[in-house]
Number of protein chains: 2
Amino acid sequence: MNDLNWDFYRTFLAVLRTGSLSAAARDLGLTQPTVGRHIDALEQAVGYQLFTRSQQGLLPTEPALALQPYAETLAATTAAMQRVASGEFGEVKGTVRISASDVIGCEVLPPILAALQDKYPGLAIELSLSDAVEDLLRREADIAVRMTNPAQDALVARHIGQIPLGFYAHRRYLERYGEPREPEELAHHRLIGFDRRTAFIRATTARIRADLPAFPDLENIRWALRTDSNLAQLAAIRSGVGIGICQAGIARRDPELVRVLPGAFELSLDTWVAMHENLKNAPRWRVTFNALVKGLLDYVRAT
Amino acid sequence: MNDLNWDFYRTFLAVLRTGSLSAAARDLGLTQPTVGRHIDALEQAVGYQLFTRSQQGLLPTEPALALQPYAETLAATTAAMQRVASGEFGEVKGTVRISASDVIGCEVLPPILAALQDKYPGLAIELSLSDAVEDLLRREADIAVRMTNPAQDALVARHIGQIPLGFYAHRRYLERYGEPREPEELAHHRLIGFDRRTAFIRATTARIRADLPAFPDLENIRWALRTDSNLAQLAAIRSGVGIGICQAGIARRDPELVRVLPGAFELSLDTWVAMHENLKNAPRWRVTFNALVKGLLDYVRAT
DNA sequence: TATCATCCATACAAAAATGAATGATTTGAA
DNA sequence: TTCAAATCATTCATTTTTGTATGGATGATA
């Protein structure tokens, strides 16, 4: 089962992702028979079925699903390799892929990146926004803005500092429903919270419990709006849906947003910028990294 | 520069590793013209030279070296993928790749692995011994025995406990040169130490400084033997070269080895077994992981 | 129910990749 | 110095891979 053409793995991944030979062929710029032959070759090599064929497409078998993460890693690595390979060496030119949370990416990074690209017109930025922080070691991104200390050895990390959080609501909402003066009163307000439980959210709620014992029990709150998108939460706060958590630096830009229970809530996000150390000497990444560090430091200091 | 055949990267890596088209062709089971064409295609795709050709072989250019780590990751991932793909699912059969330090791999693991393979004859073990711990996330190994807490999220880790270290010497050596009674006396003995400075060694020496202030300044010691191989240090201790550091569990197996300065030196290695969480449900890795945990726990408890 | 879009499988022709063979050049050893 | 053993480059025939065209089957839609 050795000595398989590595390109077959790319075909394999495309079929997994699209669910059909034809769709994979379209994605890859190949034809459906070719893709089918690649899968045949893989199945023959491993000795068992990877997909159950049907007229509606191909359904992956258990072992095929077990192989998928590896194929994804291959795709991420080749993509990273192409980013490194493209563009001149010694010039700030080519593509840099940045991973950050959606709020940071939409509210904080744009002006930083605009200034950077103004200075280096040849620089292209790919911005991947998700809370599931993409892994730098697996080359899913070149540079990441993180809210946890990136302890891995092969990373260059710069500590930015604490981004303070707070409860905020729109002035209109408070005029209509009143402003809570004690944490207990929050239970009678319309609150904006998270939907599913992710690792980050579990950590945050644990911190809220520790820092703010008077806060109503999270399990029993009647949420006005639940969403995992911090951006949607922010939009909801801005339109007066209710009271939610927001970064202080973002909230203070909007004079209509009012901090609720100012003293009671002292939560903040510890922030880091991290990059794989292989990239630290290549101009375009160094320049981008430094711009992010500087821009985020300014953002944190302004709060 | 997109849409390159992934197989070209394998050829690229082979040329980097071997240093010539011909040797790479032999490794890959291809012919030298084919390998040359692959490199040509890559160079055309990226737009610059990756190698300078000569009659002695191919010398990588700067950008080619920058790409090498990515190609290595690809190779490690495809290899891991093949380990996962091979063998039946549900059966304990196929290959598992383990990374450990040389001493653990030579002195502690063999009986554990022998018992495991006795039980599962279809299980093949690849043992990679190095102090530079191979990265589990990059799939350079499936399971690793580590001396640091593997903090990465995607890993399943089991804490084994403390492996005590101590100064040991052969009885013959002590009869001839005397046994030190105070740490200060070590300065007049033949000591076995490390050669280069690795991250692990820096951490260890820092701990020695903290735990054992009476220990002679490491910079000024006249070492009898310096080597980065713990195995060679062990062999040196066993042949009476001098006094060195050794795991207590290993030393006590040999009645000729005597602990020196027993009370004065309380250093130990915190030990973990770690595995990528993708593998935790697949029988052969689960079985191997459990066998390692159990075997190492027994080893630690026996000390 | 009939039609259309989508899927996979197969047969055959075109295109592309590969291998074999040879030549030219360099290095190191006899 | 000469010879053997490397190396890479080039040419041409062969093999392999790919694409085109088609058929049959399924499911959604009017």
Side-chain angles (χ1 to χ4, degrees), chain A residues 1-65 67-68 71 74 78, chain B residues 1-65 67-68 71 74 78:
Chain A
M1 98 124 271
N2 232 342
D3 274 7
L4 269 167
N5 190 320
W6 285 7
D7 222 37
F8 289 174
Y9 299 132
R10 163 202 261 170
T11 306
F12 170 70
L13 180 61
V15 173
L16 275 171
R17 283 176 169 172
T18 61
S20 86
L21 298 181
S22 311
R26 284 192 294 273
D27 273 18
L28 295 169
L30 298 173
T31 58
Q32 167 256 319
T34 301
V35 172
R37 285 187 279 252
H38 286 186
I39 300 300
D40 289 344
L42 276 168
E43 290 185 332
Q44 188 150 20
V46 300
Y48 47 78
Q49 275 218 314
L50 292 169
F51 297 93
T52 52
R53 271 98 163 150
S54 79
Q55 256 67 22
Q56 298 87 280
L58 273 74
L59 194 74
T61 62
E62 184 73 21
L65 289 173
L67 294 175
Q68 180 159 14
L74 291 177
T78 54
Chain B
M1 97 125 273
N2 231 343
D3 274 5
L4 270 166
N5 191 319
W6 285 8
D7 222 36
F8 289 172
Y9 299 133
R10 164 202 259 167
T11 307
F12 170 70
L13 180 61
V15 173
L16 274 171
R17 284 176 169 171
T18 62
S20 87
L21 298 181
S22 312
R26 283 193 295 275
D27 274 17
L28 295 170
L30 299 172
T31 57
Q32 166 255 318
T34 300
V35 173
R37 284 187 278 251
H38 286 184
I39 300 300
D40 289 345
L42 276 168
E43 290 185 331
Q44 189 150 22
V46 300
Y48 46 78
Q49 276 218 314
L50 292 168
F51 297 93
T52 53
R53 270 93 163 155
S54 81
Q55 253 66 25
Q56 299 89 279
L58 273 73
L59 194 73
T61 61
E62 184 74 23
L65 290 174
L67 295 175
Q68 180 159 15
L74 290 177
T78 54

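First the proteins, then the strands, lettered A, B, ... as listed; each starts at 1.
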* Is a side-chain N or O of A:T61 found less than 3.5 angstrom from the main chain of A:L50, in a donor-acceptor match? -> yes
* To do: Using a strict 4.0 Å threshold on nitrogen-to-oxygen distance, state whether A:R10 and A:D7 make a salt bridge.
  => yes
Round to the nearest Å and state the distance from [X] atom [atom1] to [N] atom [atom2].
{"X": "A:L59", "N": "C:dT6", "atom1": "CG", "atom2": "P", "result": "20 Å"}
{"X": "B:L28", "N": "C:dT18", "atom1": "CG", "atom2": "P", "result": "11 Å"}
{"X": "B:L58", "N": "C:dT26", "atom1": "CG", "atom2": "C1'", "result": "14 Å"}
{"X": "B:I39", "N": "C:dT18", "atom1": "CD1", "atom2": "C1'", "result": "16 Å"}

What's the closest nucleotide to the [X] side chain, out of [options]?
{"X": "A:A23", "options": "D:dT18, D:dT7, C:dC7", "result": "C:dC7"}
{"X": "B:T31", "options": "C:dC7, D:dA9, C:dG19", "result": "C:dG19"}
{"X": "A:L21", "options": "C:dA9, D:dA9, C:dT10", "result": "C:dA9"}
{"X": "A:Q32", "options": "C:dA9, C:dA11, C:dT18", "result": "C:dA9"}
{"X": "A:Q56", "options": "D:dT26, C:dC8, C:dA20", "result": "D:dT26"}
{"X": "B:S22", "options": "D:dC8, C:dC8, D:dT11", "result": "D:dC8"}
{"X": "A:P33", "options": "C:dT10, D:dT7, D:dT18", "result": "C:dT10"}

* Distance from B:N5 atom CG to A:N5 atom CG, nearest 0.5 Å? -> 5.5 Å
* Where each residue is assigned the nucleotide of DNA chain D containing its nearest heavy atom, which of B:G57 and B:R37 is assigned the position nearer the 5′ end? ->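 This one resolves to B:G57.
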* To do: Kindly say if B:R26 contacts the phosphate of D:dT7, meaning a side-chain N or O under 4.0 Å from OP1 or OP2.
  =>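 Answer is yes, contact under 4.0 Å.
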* Asked: NA contact type, B:G36, heavy-atom cut-off 4.0 Å: base, sugar-phosphate, or nothing?
  -> nothing
